[in-house]
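One structure is given here, and the rest of the page talks about it.
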Amino acid sequence: MATIDVAAERDDGGDPVLEVENLHTQFPTDRGVVRAVDGVDLTIESGEIVGLVGESGSGKSVLAESVVGIVEEPGEIVEGDVRFDGESLLAMSDARRQAVRGGRISMVFQDPMNSLNPTLTVGEQIAETVRLHQDVGESVSLPAELKRKIVGAAKNGDAWRRAIEMLEAVEIPEPEARAADFPHQFSGGMRQRAMIAMALSCEPDLLVADEPTTALDVTIQAQILEELEGLKDEFDTSILLITHDLAVVAETCDRVNVMYAGEIVERAETEALFADPQHPYTQGLIASTPQLDEPDRDLQPIQGNVPDLIDIPYACHFAPRCPEAERECFEIEPEFRPVGDSDAPGDGGTHEAACLRRGPDGERL
Ligand code: SF4
């Protein structure tokens with residue numbers, strides 16, 4: 001029986017954990033092709049929390065689904081690559097990809113009720129994840145029925161103990177008792193913690209968290225983000241954090257990628273991005289977001305909407321909404337280049353943006 005021992009392959013150094021290169025994910029429709037992800041490059045180093053921020057409809061979730069391998073048909077990756085630990089996920093055999101994605105990459109979604117099974121206790125669901133991903137998941141050739149039987153026996157074994165430990169790690173009170181509760185007996189915040197516990201239970205190298213705190217009130221949101229950071233250190237997990245909320249990014253991320261209409265338009269260390277945003281879209285996002293330290297500041301929403309991602313007719317996708325647009329912006333596609341002040345704190349020379357009117361050292365072109 002062929003066994004793929006993905007846990008034994010963990011590598012603590014060297015290549016970035018995740019490299020997304022020139023990724024294009026498209027959806028054919030009756031009206032034309034939706035270019036949801038249109039040539040994205042993104043890298044996550046070991047132990048980093050990297051933010052992906054942008055308005056709804058900018059393609060963030062499709063990018064996450066492309067990384068995790070759950071793009072809904074008829075959508076498909078038509079070009080580019082997703083490398084995990086230096087190895088192309090797209091070039092692997094289906095069995096190997098399934099084992100790697102199951103055992104070393106996890107995902108947390110916005111709505112835990114859609115991801116948790118209402119008919120199983122929370123403890124059983126986490127134990128099931130532990131058994132499938134760590135023990136059974138490595139033997140990818142086992143029939144699904146046999147896997148289910150083994151999982152059924154997990155309650156009295158190590159997997160059940162691990163489930164309780166994980167609930168404890170995400171600070172669910174009385175974890176032994178609460179492990180026997182069903183999801184509807186948990187509050188919204190506790191369900192989201194349970195989802196995070198489940199996602200981290202197989203100690204993944206990469207956690208993809210798509211709007212993990214959006215449905216929660218601000219206090220619970222802050223607690224969960226703090227726990228995510230702590231868990232990242234405890235389990236040495238890299239995190240791709242997808243959100244429309246700049247405050248979440250500012251609090252949590254080491255680096256930020258700003259996405260607009262299927263493309264990354266700016267990326268920088270978090271400190272540099274907020275101290276000296278360069279792309280007019282990023283500047284607009286920040287100007288439209290309330291700041292805790294400036295409660296009286298007037299908010300200025302970005303005019304217009306994210307465009308329909310079918311056949312965008314202008315070269316810079318932001319041009320119709322951009323206060324600085326000139327004619328050439330509609331005709332010449334902006335390429336990434338260094339921007340901002342490379343000597344500024346937190347810049348490190350890694351601040352880049354795709355705008356025709358921005359250059360190094362704060363230059364306006
Ligand atoms: S290239 Fe032109 S339209 Fe696009 S963001 Fe820069 S200034 Fe605005």
Side-chain angles (χ1 to χ4, degrees), residues 20 22-26 32-42 50-60 62-63 80 242-246 249-250 253 255-289 291 298-342 344 346-347 349-365:
V20 174
N22 190 31
L23 192 73
H24 295 253
T25 305
Q26 300 181 350
V33 174
V34 176
R35 299 173 198 279
V37 177
D38 202 21
V40 163
D41 294 308
L42 185 146
V50 172
L52 182 62
V53 69
E55 295 163 284
S56 294
S58 59
K60 307 185 301 291
V62 176
L63 176 54
I242 294 149
T243 179
H244 68 279
D245 188 339
L246 282 174
V249 167
C253 296
R255 287 189 298 119
V256 190
N257 293 266
V258 180
M259 190 164 184
Y260 184 77
E263 301 176 335
I264 305 291
V265 295
E266 184 164 3
R267 56 177 160 242
E269 309 262 329
T270 305
E271 187 181 354
L273 188 98
F274 284 94
D276 189 21
Q278 290 288 317
H279 195 283
Y281 177 60
T282 313
Q283 293 172 340
L285 277 183
I286 291 175
S288 61
T289 302
Q291 308 285 323
D298 282 344
L299 299 184
Q300 293 162 349
I302 305 173
Q303 300 301 316
N305 296 307
V306 176
D308 187 343
L309 300 182
I310 297 174
D311 293 331
I312 298 176
Y314 23 88
C316 171
H317 291 178
F318 189 56
R321 303 176 72 187
C322 180
E324 299 180 44
E326 294 182 345
R327 204 176 68 192
E328 63 176 7
C329 301
F330 291 82
E331 295 163 358
I332 302 170
E333 196 172 324
E335 292 184 354
F336 257 102
R337 56 183 161 201
V339 293
D341 178 1
S342 59
D347 185 298
T350 57
H351 194 164
E352 296 177 300
C355 171
L356 296 175
R357 304 192 60 193
R358 297 291 184 273
D361 301 321
E363 198 179 350
R364 296 289 191 264
L365 307 173

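Order of appearance sets the numbers: ligands from 1, and atoms from 1 within every ligand. All heavy atoms count here, side chains included; hydrogens, waters and symmetry mates do not. One-based numbering along the sequence shown.
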Of all residues at least two apart in sequence or in a different chain, which pass the side chain to side chain contact (heavy atoms under 4.5 Å, CB included) check with N305? none

Which of the atoms in ligand 1, numbered in the order shown and given with their element, are less than 4.0 Å from a heavy-atom of H279? 5 (S)

Under 3.5 Å, is there a donor-acceptor pair between the side chain of R267 and the main chain of L273? no

Classify the angle between the aromatic ring planes of F318 and Y260 as parallel (below 30°), tilted (30 to 60°) or perpendicular (above 60°). perpendicular

If we check salt bridge (Lys or Arg N to Asp or Glu O under 4.0 Å) with R358, which of these qualifies: E266, E335, E324? E324

Without placing hydrogens or testing angles, list every side-chain donor-acceptor pair under 3.5 Å for residues 53-60, not counting sequence neighbours.
| residue | atom | partner | partner atom | Å |
| --- | --- | --- | --- | --- |
| E55 | OE1 | Y281 | OH | 2.8 |
| E55 | OE1 | R321 | NH1 | 3.1 |
| E55 | OE2 | R321 | NH2 | 3.2 |
| S58 | OG | E55 | O | 2.8 |
| K60 | NZ | G54 | O | 2.8 |
| K60 | NZ | E55 | O | 3.2 |

For residues 306-317, dump all side-chain donor-acceptor pairs below 3.5 Å to protein atoms at least two apart in sequence or in another chain.
| residue | atom | partner | partner atom | Å |
| --- | --- | --- | --- | --- |
| D308 | OD1 | I310 | N | 3.3 |
| D308 | OD2 | R31 | NH1 | 3.0 |
| D308 | OD2 | R31 | NH2 | 3.0 |
| H317 | ND1 | A261 | O | 3.2 |

Give me the number of protein N, O or S atoms whose distance to atom 2 (Fe) of ligand 1 is under 2.8 Å. 1

